[in-house]
Amino acid sequence: MNDLLKEAKQFLSIVEDSTLKDAEIKTLINAGILELQRSGIDVDYNKKDGQYDSLIEAAIMFYVKANFGNVDIKEKEYSLRTFDTLEQSLSLSNGYKKEVEES
């Protein structure tokens, strides 16, 4: 989580040492992960040494930026469109699509 928090702060142009918005950013990171999972995406696909795949990480970062409080509205809209595009692409990709368990 700390690596994603650090990446999100850079993505949002927040100084790494600042902790004021950490709780909000962590909540948004978790929400982004859950949103991808809800769409049937295996977020752990290609995960190595605790690091998410670059496409998964990018989607999470765009989710955070689209929903973070202190971002320009045009940036939020762009980030949301980018997240939606990544989410849709990942959900249609065989590698990233979560296997459906048959009962």
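None of the values given here were measured: they were computed from a predicted structure.
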**OP:** Determine which pairs satisfy side-chain hydrogen bond (donor to acceptor under 3.5 Å, both in side chains) with at least one residue from residues 29-43, sequence neighbours left out, and list them in order.
**Re:** Glu35-Arg38, Ser39-Glu87
Original post:
Under the ring-ring contact (aromatic ring centres under 6.0 Å, His included) test, which residues partner Tyr45, sequence neighbours left out?
Top reply: Tyr96
**OP:** Could I get the full list of ring-ring contact (aromatic ring centres under 6.0 Å, His included) partners for Tyr52, not counting sequence neighbours?
**Re:** none
**OP:** Not counting sequence neighbours, which residues clear side-chain contact (heavy atoms from CB on, under 4.5 Å) with Glu77? List them please.
**Re:** Ile73, Arg81
Original post:
Considering residues at least two apart in sequence or located in another chain, which fulfil the side-chain contact (heavy atoms from CB on, under 4.5 Å) criterion with Ala66?
Top reply: Ser79, Leu80
Mind checking the [atom1]-[atom2] spacing from [X] to [Y]? Nearest 0.5 Å is all I need.
X	Y	atom1	atom2	result
Thr82	Met61	OG1	CE	14.0 Å
Ile25	Phe68	CD1	CZ	4.5 Å
Leu55	Leu36	CG	CG	11.0 Å
Asp72	Tyr78	CG	OH	13.5 Å
Lys26	Ile29	NZ	CD1	8.5 Å
Leu86	Ser93	CG	OG	11.5 Å

Original post:
Is Lys98 reaching over with its side chain to a backbone N or O of Ser91, donor-acceptor style, under 3.5 angstrom?
Top reply: no
Original post:
Can you name the side-chain hydrogen bond (donor to acceptor under 3.5 Å, both in side chains) partners of Asn46, sequence neighbours left out?
Top reply: Asp53
**OP:** Write down the atom of Asp3, the atom of Gln51, and the distance for their closest heavy-atom approach.
**Re:** OD2-OE1, 2.7 Å
Validation: residues 4-19 side-chain donor-acceptor distances under 3.5 Å, sequence neighbours left out:
from, atom 1, to, atom 2, distance (Å)
Lys9, NZ, Glu16, O, 3.0
Lys9, NZ, Ser18, O, 2.4
Lys9, NZ, Asp22, OD1, 2.8

Subject >> Partners passing salt bridge (Lys or Arg N to Asp or Glu O under 4.0 Å) against Lys47 (at least two apart in sequence or in another chain) >> reply: Asp44
